[in-house]
Amino acid sequence: MENRIEIIEKYMRMAFEEAEASKKNGENPFGAVLLDPEYNFCHKSQTRCIELSDPTAHAETLVIREYCKKIKSVYLKNYILICSGEPCILCSGAIKWAKIGQVYYSVPQEFINKSSGGKLKPSCESLINTGESQKHIVGKILLNEGMNIFNDFEFISQDVRK
């Protein structure tokens, strides 16, 4: 039987696969996997902003949106979200409002910002853990593998309409 660390690492690698697929599709390289409170797989997604012409179609928001629609609920209380990169401000808001209980990510914002040339952003923990609700958030899971996805990647920051 797998322990929780092995399970998290297994699904982190699945998030990496989604991020690589996103990159191959011409999107920014992010992937996310959703598990139920017992660590069973529920859904996965990759960033699809360009494909869907939707600036909110980040991997994390899509995995939440698609699974909530499937189960006809707006809450994923105590679910577990595994992300290739630290969730941004948009995704952190979605995680908070969906009431996800645990977040595991690989690459922290400070590395993503250096890679993208962006400015430092608030941590997902500082955004998700506002108010009385305190969620379990752990970063730098399989960090070297995660950073390989971003190495030599040129982030999409301009209008890429076809």
Side-chain angles (χ1 to χ4, degrees), residues 1-22 27-113 116 118-143 145-146 149-150:
M1 180 170 178
E2 294 175 300
N3 66 36
R4 288 187 179 170
I5 293 169
E6 291 170 335
I7 293 169
I8 296 301
E9 289 180 351
K10 170 184 166 182
Y11 288 112
M12 183 62 75
R13 288 189 174 100
M14 183 182 286
F16 293 161
E17 290 171 9
E18 290 296 300
E20 288 289 355
S22 181
E27 303 271 1
N28 285 330
F30 295 96
V33 176
L34 185 68
L35 307 179
D36 71 16
E38 276 74 50
Y39 292 80
N40 298 305
F41 173 81
C42 294
H43 197 64
K44 64 182 179 176
S45 191
Q46 58 190 255
T47 295
R48 296 172 54 207
C49 295
I50 296 166
E51 175 191 342
L52 299 175
S53 299
D54 179 355
T56 69
H58 295 191
E60 300 90 338
T61 58
L62 286 176
V63 79
I64 292 167
R65 184 181 304 147
E66 291 166 356
Y67 193 71
C68 282
K69 186 173 184 176
K70 179 180 177 178
I71 66 168
K72 298 184 182 349
S73 176
V74 297
Y75 300 117
L76 299 171
K77 189 173 182 182
N78 298 322
Y79 277 64
I80 300 143
L81 185 63
I82 300 175
C83 313
S84 60
E86 182 176 358
C88 70
I89 295 167
L90 169 80
C91 297
S92 294
I95 292 164
K96 180 172 181 61
W97 294 118
K99 301 183 186 297
I100 289 173
Q102 298 178 53
V103 178
Y104 297 90
Y105 65 87
S106 179
V107 182
Q109 279 289 339
E110 56 262 19
F111 180 84
I112 296 168
N113 292 335
S116 70
K119 293 184 178 180
L120 189 61
K121 296 166 185 71
S123 71
C124 69
E125 186 168 12
S126 71
L127 296 163
I128 294 167
N129 283 337
T130 57
E132 292 182 21
S133 177
Q134 297 296 299
K135 307 302 181 184
H136 182 72
I137 301 170
V138 179
K140 299 183 180 178
I141 306 292
L142 300 176
L143 181 59
E145 289 179 47
I149 295 165
F150 294 96

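As the structure is a computational prediction, the values presented were derived from the model and not from experiment.
- Put simply, the side chain of Pro108 reaches to within 4.5 Å of the side chain of Leu143, judged on heavy atoms.
- Rounded to the nearest 0.5 angstrom, Lys135 NZ and Asn129 CG are separated by 8.0 Å.
- At a threshold of 4.5 Å between non-hydrogen side-chain atoms, the residues Leu127 and Ile95 do not count as touching.
- Ser106 places a side-chain N or O within donor-acceptor distance of the main-chain N or O of Ile141, the cut-off being under 3.5 Å.
- Looking at Glu9, its side chain never comes within 3.5 Å of a backbone N or O of Glu6 through a donor-acceptor pair.
- Contact annotation: the side chain of Arg13 approaches that of Leu142 to within less than 4.5 Å [non-hydrogen atoms, C-beta and beyond].
- For residues 85-112, the pairs satisfying ring pair (Phe, Tyr, Trp, His ring centres under 6.0 Å) are Tyr104-His136, with sequence neighbours left out.
- To the nearest 0.5 angstrom, Ser84 atom OG is 5.5 Å from Ile149 atom CD1.
- Inter-residue side-chain proximity for Met14 and Lys44 is flagged as met; some heavy-atom pair is nearer than 4.5 Å.
- Residue Ser123 holds its OG atom at 9.0 Å from CD of Glu110, rounded to the nearest 0.5 Å.
- Using a 4.5 Å heavy-atom cutoff, the side chains of Ile7 and Lys10 are not in contact.
- At a threshold of 4.5 Å between non-hydrogen side-chain atoms, the residues Gln109 and Cys88 count as touching.
- How far CD1 of Ile128 is from CD of Gln102: 12.0 Å, rounded to the nearest 0.5 Å.
- When atom types are taken as modelled, the side chain of Glu86 and the backbone of Cys124 share a donor-acceptor pair closer than 3.5 angstrom.
- Going from atom CG of Leu34 over to atom CD of Glu60 covers 11.5 Å, rounded to the nearest 0.5 Å.
- Using modelled atom types, no side-chain atom of Thr47 and backbone atom of Ser22 make a donor-acceptor pair closer than 3.5 Å.
- For OH of Tyr39, the number of neighbouring non-hydrogen atoms (other residues, nucleotides, ligands) closer than 6.0 Å is greater than 12.
- Put simply, the side chain of Phe30 reaches to within 4.5 Å of the side chain of Ile112, judged on heavy atoms.
- In this structure, SG in Cys83 is found 10.5 Å from CZ in Phe16, a value given to the nearest 0.5 Å.
- Counting heavy atoms from C-beta outward, Ile82 and Ile8 have side chains that approach closer than 4.5 Å.
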